[in-house]
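What follows is a short report on a single structure.
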Amino acid sequence: MAEANSSSNSKFDFKHIESKWKSFWEKEKIYTADLKKKEIYSVDTPPPTVSGAMHIGHTFSYSQQDFIARFQRMFLEGKDGSVFYPFGTDDNGLPTERLIEKTKNLKSKDMSREEFIDLCLKSLKEILPDFIQAWKDLGISCDYNVYYSTIDDNSRKISQKSFLDLYKLKEIYKKEFPTIWCPECQTSIAQAELEDKEEKSLFSTLKFSCGNKDLLIATTRPELLGACVAVFVHPADKKYKNVVGKIAKVPLFDYEVPIIADTSADPDKGTGALMVCSYGDKYDVDAINRYKLVPKIIFDKSGRVNFGEYKGLKVKEARKKILEDLKKENLIVEQKEINHTVNVHDKCGTPIEFATTEQWFIKILDKKRKLIEQGNKIKWYPEFMHKRYDNWVNGLEWDWNISRERHFGVPIPVWECKKCGEVILAEEKELPVDPLQIKKKCPKCKSETKPEEKVLDTWATSSLTPQITSSLIKDKVVVPYSLRPQGHDIIRTWAFYTIVKSYLHSKTIPWKDIAISGNVSLGGEKMSKSKGNVIDPKIIMNKYGADATRFWAAGSKLGNDLDYQEKDLIAGTKMINKLINASKFVFMNLKDYNPKNKPHKLEKIDELFLDKLNILVKECTESFKGYEYSKVKLDVEKFFWSDFCDNYLEIVKKRVYQGEGNAKLSAQFTLYNSLLTILKLIAPIMPFITEEIYQEYFRKNEKEKSIHISSWPEADKKESANHIKILEKLYSIISQVRQEKSLNKKAMNVEIVLTLPKEDYEEIKSVLEDLKNVSNAKAIREGKKFEVEFL
RNA sequence: GGGCCUAUAAGCUAGAGGCUAAACUGACUCGUUUACACCGAGUAUUCAGCGGUUCGAUUCCGCUUAGGCCCACCA
């Protein structure tokens, strides 16, 4: 390494160094947890979706969690502790389904669920090594041998067992419920699959009647007139004061519905009165639920009207026909064209409907208070993220719908008796099971059963990541884990559901701490593929290497977004270079040094310097424990550059070049130990270069085979405020001298005679020789004021 | 519409109820040869606006403005 970088200006060959240590770490199993240890720091690693490649948000957040894992690994070393840091991928959702469909050029629905899952697992095997390589390249210190996919046999088994257990605990129920439905694809879809679309629409004001008076209601969905079950007005709306509680007649269809006062009606929208239909939108679903109204379902699952003269018409055809009929009957008062956004299915662009289907739910509404309590038991980093969780829980309105009418996913492991309706659960030894593949008879009436066709919501499985990773190590680590690192966009899903599951299964919190990472933005905007403002981390890694990339990721506080700028990577490369050169210098001067030889007494300045380093160690340890890696980065960078390189190295140069005996030994001792300490402090952030330097120079004297399993520096307790004052004074005088030289356009190594005011002179008396050395002063005198005399 | 976050130098970010408000990148000036020009020293520029609390606020509180994120709505 030293050769590669000396005299010539050739760049530091990070690629060579990175690949060398990557394979070393893997071979030596540096990241494997020793589960026999007493204290295990366990990480509930977020499983990325295998959807192509790592993106910059991953680079950012995984680096940040890795700083913590690496710190804990070193911190627990020698304290009878170890770090459990598994790795998984999330492959049971739509993105994976699409990826496989695309790469294999087929449709999941053309094959059985089992076949598709098999294909998926097979394809994963092909794609995975390359995909995971990006995490290894970044130096993410997971134990990649403790691996899971959320669609593999074991995960499916655990997910299905969770379902069965909760069903037996009566926490799961089945109910007919209107869910978001795509009439085109004929499946229920998740909220996450919705897209907004601007559409032109006719906003028609229709004549309802109440008694013998007209009651005007504006709507964009006249085709739902036949599904109207109530009229809402705002309780404070004077216009409608005397119709509340009465009955309204629906135009054209001539049936009656109640008029209800509800604060959700906006007096300023349309006419202030609105019709509640089954089902126009989510609002209707909610309204009908709250008032326990009886829904009138007028569309079938293919989106066609199912009754009367409109039977068979699709939504848009029915709308047209009904508007014509309304016009004929003179029931339209006003009509205007408006632009509004409608929810469409992102796959086909069809406006969604709501269809009532049988769905499975986990009861959560009855546990809101408990779930808030669970959230309070967890430490949130940063603290304000806790509020997002509370807000979400407090705002919950529905139980958790865990069933999806998708083909691909973890099957719901039940059958239902065709005759008596009995629900037959899979047996534990059958798991993982696809009910479609097995025929069962009803144990009660011996009739035929039909398998449940739906699959579980992906969150129903990924909310079990702690249990899944536990199972991989024979449950030697169980909830609560030490840490869940994740992004803030999925607090309401992944974090929330994991808390739910841990509570339901074991009445515990899933982890003691949760650390939330921010996003990477570009020019203040969130990066996204659709905007096209995406930075590919591969390019950064190629150009600057893993350490510089990680150093960049350490630049903003946990939970804060960071605006990406390429030049911020430069700081990391400079840091690497400086570390290399400083180490080179140190070891050039340690050729005749044996670490076993301790100086019988430290020189004053060495003692002062080590005191300051001691404070740094103390601060960094606290910072890391509190997930403030960015403070560590800042503090170490500053100390290393300014204290160590610019000042201390300059101060001891003469002593190590020309000194002898104890004075020299003291300097060598200090250089060796302070450099090693600095390397250890920054090792969690820059694992490659610190390992390189450790192996190159320190390994022969130090017992641990890798810096990453060497023990974290201990700070001793001594208070040394006075020492720090002397040191700071010395720095300030050095700086003043440099300033004088600079102002007078002299070289830094020009020889001077220095005069110091009495107080200053007295204060730094103990390190006068050092000041002479570093400022190249022939003499230092005591006088009235600060003065530099050039010779 | 609701919630949350942010506003500090040209840029990206630290920070603290009073001390000289900080690091890095960039700019400018000067220097350099026994670790480093991917260097060293120096210079310039700064707390979004308005109110309040306080002896004192850039820091705490409120409002305004701007930006971001999440959620809801879109009859």
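The model shown is predicted, which means the values in this text are computed figures rather than measured ones.
Straight-line distance between the P atoms of G62(B) and C5(B): roughly 10 Å, to the nearest whole Å. U58(B) and C47(B): their C1' atoms are spaced 4 Å apart (whole Å). Nucleotides C19(B) and G56(B) place their C1' atoms 13 Å apart, quoted to the nearest Å. Comparing A66(B) with U29(B), their C1' atoms sit 38 Å apart, to the nearest whole Å.
Legend: residues meeting salt bridge (Lys or Arg N to Asp or Glu O under 4.0 Å) with Glu619(A), ordered by chain and number and at least two apart, are absent. The ring pair (Phe, Tyr, Trp, His ring centres under 6.0 Å) test applied to Tyr672(A) returns Tyr593(A), Phe698(A), not counting sequence neighbours. The salt bridge (Lys or Arg N to Asp or Glu O under 4.0 Å) search around Lys638(A) returns none, not counting sequence neighbours. With sequence neighbours excluded, no residue forms a salt bridge (Lys or Arg N to Asp or Glu O under 4.0 Å) with Asp281(A). The ring pair (Phe, Tyr, Trp, His ring centres under 6.0 Å) check on Tyr279(A) picks up nothing, with sequence neighbours excluded. Scanning for ring pair (Phe, Tyr, Trp, His ring centres under 6.0 Å) contacts around His488(A) gives an empty result, with sequence neighbours left out. In this structure, the ring pair (Phe, Tyr, Trp, His ring centres under 6.0 Å) partners of His386(A), at least two apart in sequence or on a different chain, are Trp380(A). Scored by the salt bridge (Lys or Arg N to Asp or Glu O under 4.0 Å) test, Arg221(A) finds Glu223(A), Glu353(A) as partners (sequence neighbours excluded).
Phosphate proximity of U13(B) to Ser556(A): absent, as no side-chain N or O sits under 4.0 Å from OP1 or OP2.
Taking atom CZ of Phe644(A) as the reference point, atom C1' of G40(B) lies 17 Å away to the nearest angstrom. Rounded to a whole Å, the CZ atom of Phe551(A) is 13 Å from the C1' atom of A14(B). Remark: C1' of C74(B) and CD1 of Ile352(A) are 12 Å apart, rounded to the nearest angstrom. Distance CG (Asn577(A)) to P (C38(B)): 8 Å, rounded to an integer number of Å. Distance Lys239(A) NZ to A75(B) C1': 13 Å, rounded to the nearest Å.
Side-chain contact check for Lys15(A) and Asn542(A): at least one donor-acceptor pair (N or O, by modelled atom type) lies under 3.5 Å. Judged by distance alone, the side chains of Asp390(A) and Asn394(A) never bring a donor and an acceptor atom under 3.5 Å apart. No side-chain donor from either of Tyr657(A) and Asn589(A) sits under 3.5 Å from a side-chain acceptor of the other. Inspection of the Gln668(A) and Asp592(A) side chains reveals an N or O donor paired with an N or O acceptor under 3.5 Å.
Among the protein residues, Gly270(A) comes within range of no part of the nucleic acid, since none of its heavy atoms lies under 4.0 Å from any strand. Using a 4.0 Å heavy-atom criterion, one finds that Asp646(A) contacts the sugar-phosphate atoms exclusively. Counting non-hydrogen atoms under 4.0 angstrom, Cys645(A) reaches a base of the nucleic acid. Nucleic acid contact class of Ser642(A) (heavy atoms, under 4.0 Å, all strands): none. Here Lys557(A) lies in heavy-atom contact (under 4.0 Å) with sugar-phosphate atoms only. The residue Ile491(A) sits apart from the nucleic acid: no heavy atom pair falls under 4.0 Å. Using a 4.0 Å heavy-atom distance criterion, Phe587(A) is classed as making no nucleic acid contact. Residue Thr271(A) is out of contact with every strand shown, counting any heavy-atom pair closer than 4.0 Å.
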What's touching nucleotides 1-7 of chain B from the protein side, N or O pairs under 3.5 Å?
{"unit_1": "G3(B)", "atom_1": "O2'", "unit_2": "Asn391(A)", "atom_2": "ND2", "d": "2.2"}

Using the 3.5 Å cut-off, write out each protein N or O paired with an N or O of nucleotides 21-31 of chain B and the distance between them.
{"unit_1": "U25(B)", "atom_1": "OP1", "unit_2": "Lys574(A)", "atom_2": "NZ", "d": "3.2"}

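Summary of the strand contacts: Ser521(A) and Arg738(A) both lie near RNA chain B, and taking for each the nucleotide with the nearest heavy atom, the more 5' one is attributed to Ser521(A). Comparing Ala218(A) and His488(A), the nucleotide of RNA chain B nearest to each residue sits closer to the 5' end for His488(A).
Ion pairing between a basic and an acidic side chain is recognised when a charged N comes within 4.0 Å of a carboxylate O; Lys654(A) and Asp770(A) show no such pairing.
Near RNA chain B, defined here as any heavy-atom distance below 4.0 Å, there are no residues from residues 222-234 of chain A.
Atom CG in Asn744(A) sits 11.0 Å away from atom NZ in Lys741(A) (nearest 0.5 Å).
Stems are defined here as 3 or more consecutive Watson-Crick or G-U wobble pairs with pairing distances under 3.5 Å; those involving RNA chain B are B:1-7 with B:65-71, B:27-31 with B:39-43, B:48-52 with B:60-64.
Between Tyr564(A) and Trp552(A), the ring center distance clears the sub-6.0 Å criterion.
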